[in-house]
Amino acid sequence: YFPIAGQIAWSIIFIYLWQYATYRSLRYRLTRTRWRGIRCNLAGNAASYAWKGTLYFLLMILSFGLLTPFSLSRMISLKLNNMHFGARKLHFHGSPGGLYKAIMLPFMGMLIFMALFVGAILMLAYNAEHAGYYSEGVDEIEAYVSYFPLALVAGLIGLLLFSSFLQAAFTRWLFRHMQFGDAQTRSTLMGAKLLGTYTTNLLLVLFTFGIGRAWAEMRLYRATLNSIDYTGDPSLHELLQDTIE
């Protein structure tokens, strides 16, 4: 009797189960990760995280993406502040405002890039149409559609640029606000480095017809992980096993 309400209800239930599974799967991976017999762990309640994660996810949708940095920072904080390595807890103090500042420049750059390319393509199509470049049987819509491949390439370039610099800024923000004991983590990952990795990975996957995907993923992991460092003494020799269930 209420099809729209039913679809909304099932969507919320799906999001809740997805968030619940995300938390449980993270706990599974952490508890199976050990170093010198000392394991990682994830405290907290998966059901509680799932309800909060569902709320933050809905905020992203209802705000048309404007509250995405706010929601992401809150969801990340809920997970990282419950992580343990042995008996020692990880501390994360990143704020939504800091994330907004970190991604503002890449986001504005993406908007300017796309606006310039779309404007240039529309201008080329307009000039070509009015200069008599097309035959008389070609209408105005066909003139603009003929530039679709160029727009597609421009969109791909814009996506690579945006993804690279946004991911680099996000990674630097994430590790800048992470602390483990007396050790403060940091990342020096730059957008240009990530852009080169993404571009060569794309070519690697295309020219190997997908066979090189595993190598591409490892190259991306290596580029990201090699940028992570820390200052201070983590005092790993003092670590004891946790008593979390």
Side-chain angles (χ1 to χ4, degrees), residues 14-60 67-103 163 166-190 194 217-245:
F14 175 79
I15 294 170
Y16 172 83
L17 293 174
W18 174 32
Q19 298 293 341
Y20 184 88
T22 299
Y23 201 82
R24 290 295 297 269
S25 64
L26 178 59
R27 176 179 290 157
Y28 179 88
R29 292 196 301 273
L30 286 172
T31 53
R32 270 71 181 173
T33 303
R34 298 171 183 269
W35 181 77
R36 294 188 177 181
I38 305 294
R39 70 163 181 261
C40 300
N41 212 330
L42 183 67
N45 185 273
S48 175
Y49 171 83
W51 282 120
K52 294 174 182 176
T54 301
L55 175 62
Y56 290 134
F57 193 85
L58 291 175
L59 280 177
M60 285 192 281
L67 291 178
T68 297
F70 171 81
S71 296
L72 277 180
S73 65
R74 291 292 187 236
M75 292 165 73
I76 290 170
S77 181
L78 287 172
K79 285 186 283 192
L80 292 185
N81 282 317
N82 278 320
M83 285 186 186
H84 291 73
F85 180 36
R88 190 174 300 164
K89 185 179 179 181
L90 184 69
H91 293 282
F92 179 75
H93 46 85
S95 66
L99 183 54
Y100 273 105
K101 289 178 184 178
I103 68 171
S163 300
L166 181 71
Q167 184 65 35
F170 176 80
T171 303
R172 292 195 302 272
W173 169 83
L174 181 70
F175 284 95
R176 190 187 311 127
H177 298 97
M178 205 180 299
Q179 189 170 354
F180 181 70
D182 294 329
Q184 177 69 50
T185 61
R186 64 185 178 187
S187 173
T188 57
L189 184 64
M190 301 305 294
L194 213 50
E217 289 184 1
M218 291 307 299
R219 293 181 75 251
L220 181 60
Y221 288 145
R222 187 178 295 113
T224 304
L225 293 175
N226 284 342
S227 73
I228 300 169
D229 198 359
Y230 68 90
T231 56
D233 185 8
S235 302
L236 297 178
H237 61 280
E238 298 176 359
L239 278 178
L240 298 174
Q241 188 61 274
D242 67 76
T243 55
I244 305 170
E245 184 181 355

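The residues of the chain are indexed from 1 along the displayed sequence.
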Gap between atom OG1 of Thr188 and atom CG of Asn226 - 0.5 Å precision:
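Spacing of CG (Asn226) from OG1 (Thr188) equals 9.5 Å.
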
Within the distance-only criterion (no hydrogens, no angle test), does the side chain of Gln184 pair as donor or acceptor with the backbone N or O of Arg176 below 3.5 angstrom?
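Answer holds: yes.
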
From CG (Leu55) to OH (Tyr16), nearest 0.5 Å:
13.5 Å

For the student: nearest non-hydrogen atoms of Leu194 and Leu189, plus distance:
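Residues Leu194 and Leu189, closest heavy atoms: CD2-CD2, 4.0 Å.
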
Determine, step by step, whether Leu67 and Tyr56 satisfy the side chain to side chain contact (heavy atoms under 4.5 Å, CB included) criterion, reporting the C-alpha distance in whole Å, the side-chain angles of both residues, the deciding distance to 0.1 Å, and the verdict.
CA-CA 9 Å; Leu67 291 178; Tyr56 290 134; over 6 Å; no

Does Trp18 offer a backbone N or O that forms a donor-acceptor pair with the side chain of Thr22 under 3.5 Å?
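Judged by distance alone, yes, a pair lies under 3.5 Å.
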
Where Pro69 and Tyr100 come nearest, the two heavy atoms and their spacing:
CG-CE2, 3.6 Å

For a 4.5 angstrom cut-off between non-hydrogen side-chain atoms, does Ile76 reach Phe170?
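Yes; the side chains approach each other to less than 4.5 Å.
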
Report the distance from atom CE of Met60 to atom OG1 of Thr68, rounding to the nearest 0.5 Å.
5.5 Å

Return yes if some donor-acceptor pair links the side-chain N/O of Lys89 with the main-chain N/O of Asn81 below 3.5 Å, else return no.
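It does hold such a pair.
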
Any side-chain heavy-atom pair of Gln19 and Lys52 under 4.5 Å:
no

Heavy-atom donor-acceptor pair, Arg88 side chain to Ser235 backbone, under 3.5 Å:
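Answer holds: yes.
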
Considering all heavy atoms of both residues, which atom of Ile38 and which atom of Leu240 are nearest to each other, and what is their separation?
CD1-C, 4.1 Å

Taking all non-hydrogen atoms of both residues, which atom of Ala50 and which atom of Tyr20 are closest, and how far apart?
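Ala50 and Tyr20 have their closest heavy atoms at CB-N, 3.7 Å.
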
Is it true that a side-chain atom of Thr185 and a backbone atom of Phe175 form a donor plus acceptor pair closer than 3.5 Å?
yes

Testing the basics here: between Phe70 and Pro96, what is the closest heavy-atom pair and its distance to 0.1 Å?
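Shortest heavy-atom contact: CD1-CG, 3.7 Å.
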
Mind checking whether Phe180 and Phe85 have parallel, tilted or perpendicular rings, split at 30° and 60°?
tilted

Can you measure from CG (Leu26) to NZ (Lys79) and round to the nearest 0.5 angstrom?
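Answer rounded to 0.5 Å: 6.5 Å.
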
Hey, is CZ on Arg39 packed in by over 12 heavy atoms from elsewhere, all under 6.0 Å?
yes

Are any side-chain N or O atoms of Ser227 and backbone N or O atoms of Thr224, one a donor and one an acceptor, separated by less than 3.5 Å?
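Yes: the side chain of Ser227 pairs with the backbone of Thr224.
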
For atom CZ of Arg36, is the number of surrounding heavy atoms from other residues, nucleotides or ligands below 6.0 Å larger than 12?
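No.
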
Nearest-0.5 Å distance that lies between atom NZ in Lys101 and atom OG in Ser95
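The NZ atom of Lys101 sits 7.5 Å away from the OG atom of Ser95.
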
With a cut-off of 6.0 Å (strictly less than), are more than 12 heavy atoms of other residues, nucleotides or ligands near CH2 of Trp35?
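Yes - once you tally the heavy atoms of other residues, nucleotides and ligands closer than 6.0 Å, there are more than 12.
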
Within the structure provided, determine whether Asn41 and Leu30 are in side-chain contact (heavy-atom separation under 4.5 Å).
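No, their side chains stay 4.5 Å or more apart.
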
Using only heavy-atom distances, determine whether the side chains of Tyr23 and Asn82 contain a donor-acceptor pair under 3.5 Å.
yes

Is Tyr230 atom OH crowded by more than 12 heavy atoms from other residues, nucleotides or ligands, each under 6.0 Å away?
no

What's the separation between atom CE in Met178 and atom NE2 in His93, rounded to the nearest 0.5 Å?
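Reported to 0.5 Å precision, the distance equals 9.5 Å.
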
What one should report as the nearest heavy-atom pair of Ser73 and Trp173 is CB-CH2, 3.8 Å

Please check: side-chain N/O of Arg27 versus main-chain N/O of Leu42, any donor-acceptor pairing under 3.5 Å?
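Between the backbone of Leu42 and the side chain of Arg27 there is a qualifying donor-acceptor contact (under 3.5 Å).
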
Taking the side chain from Gln167 and the backbone from Ala169, do they hold a donor-acceptor pair closer than 3.5 Å?
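Checked: no pair found.
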
